[in-house]
Amino acid sequence: MKEKILYIFDQVLFSAVNFIVFIVLDYRFNVGDVSQYSIMISATAFLLNLGFALKVESLLGTDNKIISLSDFALLSIFMLMASAVIYLFLWQNYVNGILLAVSMFASSLLWIIRRICVLDSQKVKYSVMVTIVLGGVLSLCGYLLLEYESFLVVFGVANFCAVVFLCFLVVVVDKKSLTESCGELFASPRNLSKSLLLVPLLWFPSNGIYLLLAGLGNQVAIIEVRKLLMLLSPIQQLSAALISFIFSRGADHKLTHLEVFFVPLTLSLVVSPLAALIYNSVLNGSAKSFILWFGFALIAFSMIVISLLQSMLRVLGGQVTVIFSLFIAVTVKVGALYCFYQFGAGYVDVTDSMLAMAAGYCISAVFLYAKFITDEKLRGKLVARI
């Protein structure tokens, strides 16, 4: 129980630090620069999913929660290449584009090495320490520095330093070459392609949905939904904490009904009122509908359930089921948004957006649960107790 609390505290702290840094930047710098910073963080989440698919996912099903130096070097090369592509698409003509790309690359490496670090319950405390120090440095620099460019330089350097520190804990030097690491990575092209296909599907629901709102909703709805999506970030971190704890128990992975239902329900009931308080008091939110926050709570609950079931499926080789569940979530959300737009008042408001997301996540969660109780291969993985 103590370990589970530490996992959750680490992930909540990480989300809180990112939130505080964002608020400081929003207070200190202009809207254009802060919006580009937001895009950079969203792109970092995409790179995290990419790194997870390339290497971290394979560590979940093993008792050895470390990564070799050659594997990490190869992963860093792929992340660097992906960062360059994102730079060309997003920031080639932006004055601070290179600094943003470097910051994104450094931040993505830190997010990945953290995910590896917290797989070992004995090393979670180091992740907590890094998060506290890094958050304090970035918040202070964001408040004191006068130039946005100076902050990006500090951001990149601080993240690289944190990566180096955590590498000493989870990266081991071996005699394996980059060629051998590359051969292991592509040893099963079919499984790798399935994992890579999940990258955009995992990223889009929480980070890409506002692109649709730009075409369907009004400007106020886009801004308010972005605030709400930012408040959903701690739910994703809590999900990651639960997943890390479950897979730290050993190779014979099983989920309990307590973990799949009671824990997500409790967390959603606790987080949703806090999110509403922050939204109305700190973020000056304009949407105050009870139905909106009911939808928010449903999203929070469903996100945790989906994350747990999908992670188990990915370890067990059920990537096709995961892909289909994500496709269901995206399709239902897009369809609901279109219906609200087509049969409503000619636009999509904040409540419509949250209800559309809630419908997509809930139906996806029901599909995954039904898969676990009807598939003979999966039925033994969802038990009453361990």
*If you round to the nearest 0.5 Å, how far is CE of Met303 from CG of Leu308?*
11.5 Å

*Tyr37 OH to Phe151 CZ distance, which is reported to the nearest 0.5 Å*: 5.0 Å

Which donor-acceptor pairs under 3.5 Å do the side chains of residues 76-85 make with protein atoms, sequence neighbours left out?
unit_1	atom_1	unit_2	atom_2	d
Ser76	OG	Phe72	O	2.8
Ser83	OG	Met79	O	2.8

*Shortest non-hydrogen separation from Val154 to Cys141 and the atoms involved*: CG1-SG, 3.6 Å

*Passes side-chain contact (heavy atoms from CB on, under 4.5 Å), Phe296 versus Tyr279? Steps please.*
CA-CA 12 Å; Phe296 186 95; Tyr279 176 76; over 6 Å; no

*asked:* How long is the straight-line distance from CG of Leu25 back to CD1 of Ile41, given to the nearest 0.5 Å?
replied: 9.0 Å

*Can you find a pair of side-chain heavy atoms, one from Leu110 and one from Leu134, that are under 4.5 Å apart?*
yes

_For Leu274, the rest of its hydrophobic cluster, which grows through side-chain links under 4.5 angstrom_ = Val270

*Take Val128 and Thr131, measure what side-chain contact (heavy atoms from CB on, under 4.5 Å) needs, and give me the verdict at the end.*
CA-CA 5 Å; Val128 172; Thr131 301; 5.8 Å; no

_Met104 and Phe155, any side-chain heavy atoms less than 4.5 Å apart_ = no

*asked:* Using 0.5 Å steps for rounding, measure from the CG atom of Leu48 to the OG1 atom of Thr44.
replied: 9.0 Å

*Kindly indicate, with the supporting measurements, whether the criterion side-chain contact (heavy atoms from CB on, under 4.5 Å) is fulfilled by Leu269 and Leu265.*
CA-CA 6 Å; Leu269 292 177; Leu265 179 62; 4.2 Å; yes

*Is there a path from Val130 to Leu169 through hydrophobic residues (I, L, V, M, F, W, Y) whose side chains come within less than 4.5 Å of each other?*
yes

*Side chain of Ser139, backbone of Gly136: donor and acceptor closer than 3.5 Å?*
no

*asked:* With a 4.5 Å cut-off on side-chain heavy-atom distances among I, L, V, M, F, W and Y, is there a chain of contacts connecting Ile113 to Met129?
replied: yes

*Nearest non-hydrogen partners of Ile86 and Phe46, listed with the distance*: CD1-CD2, 4.4 Å

*Shared hydrophobic cluster for Val153 and Val163 (ILVMFWY, side-chain gaps under 4.5 Å)*: yes

_Minimum-distance pair of heavy atoms, taken over all atoms of Leu100 and Tyr148_ = CD2-OH, 3.8 Å

*Going by the side chain to side chain contact (heavy atoms under 4.5 Å, CB included) test, name the single residue among Leu298, Ile291, Leu292 that passes it with Met354.*
Leu292

*Are any non-hydrogen side-chain atoms of Leu326 and Ser364 less than 4.5 angstrom apart?*
no

*asked:* Within the 4.5 Å heavy-atom criterion, are Tyr87 and Tyr94 side-chain neighbours or not?
replied: no

_Ring-face cation of Lys333 near Tyr361 (centre distance under 6.0 Å, axis angle within 45°)_ = yes

*Would you say the side chain of Trp111 lies within less than 4.5 Å of the side chain of Asn49, judging by non-hydrogen atoms?*
no

*Below 4.5 Å, heavy atoms only, C-beta onward: do Leu368 and Val305 meet side chain to side chain?*
no

*Of all the heavy-atom pairs spanning Gly135 and Val21, show the shortest one and how long it is.*
O-CG2, 4.4 Å

_Side chain to side chain, Phe168 and Tyr126, heavy atoms closer than 4.5 Å_ = no

*Rounded to the nearest 0.5 Å, what separation is found between the CG atom of Leu138 and the OG atom of Ser107?*
9.0 Å

*What heavy-atom pair brings Pro273 and Ser268 nearest, and what distance separates the two atoms?*
CD-O, 4.3 Å

*Looking only at non-hydrogen atoms, find the nearest pair between Gly142 and Val24 and report the distance.*
C-CG1, 3.7 Å

*Would you call Ile363 and Val366 a side-chain contact if the rule is heavy atoms closer than 4.5 Å?*
no

*Kindly say whether Leu145 contributes a backbone atom to a donor-acceptor pair with the side chain of Arg28 at under 3.5 angstrom?*
yes

_Once rounded to the nearest 0.5 Å, what's the spacing between atom CD1 of Ile116 and atom OG of Ser127?_
12.0 Å

*Decide side-chain contact (heavy atoms from CB on, under 4.5 Å) for Ile98 and Trp91; before the verdict, give the C-alpha distance in whole Å, the side-chain angles of both, and the deciding distance to 0.1 Å.*
CA-CA 7 Å; Ile98 293 179; Trp91 302 308; over 6 Å; no

_Hydrophobic cluster membership, with links at side-chain heavy-atom distances under 4.5 Å among I/L/V/M/F/W/Y: are Val263 and Phe261 in one?_
yes

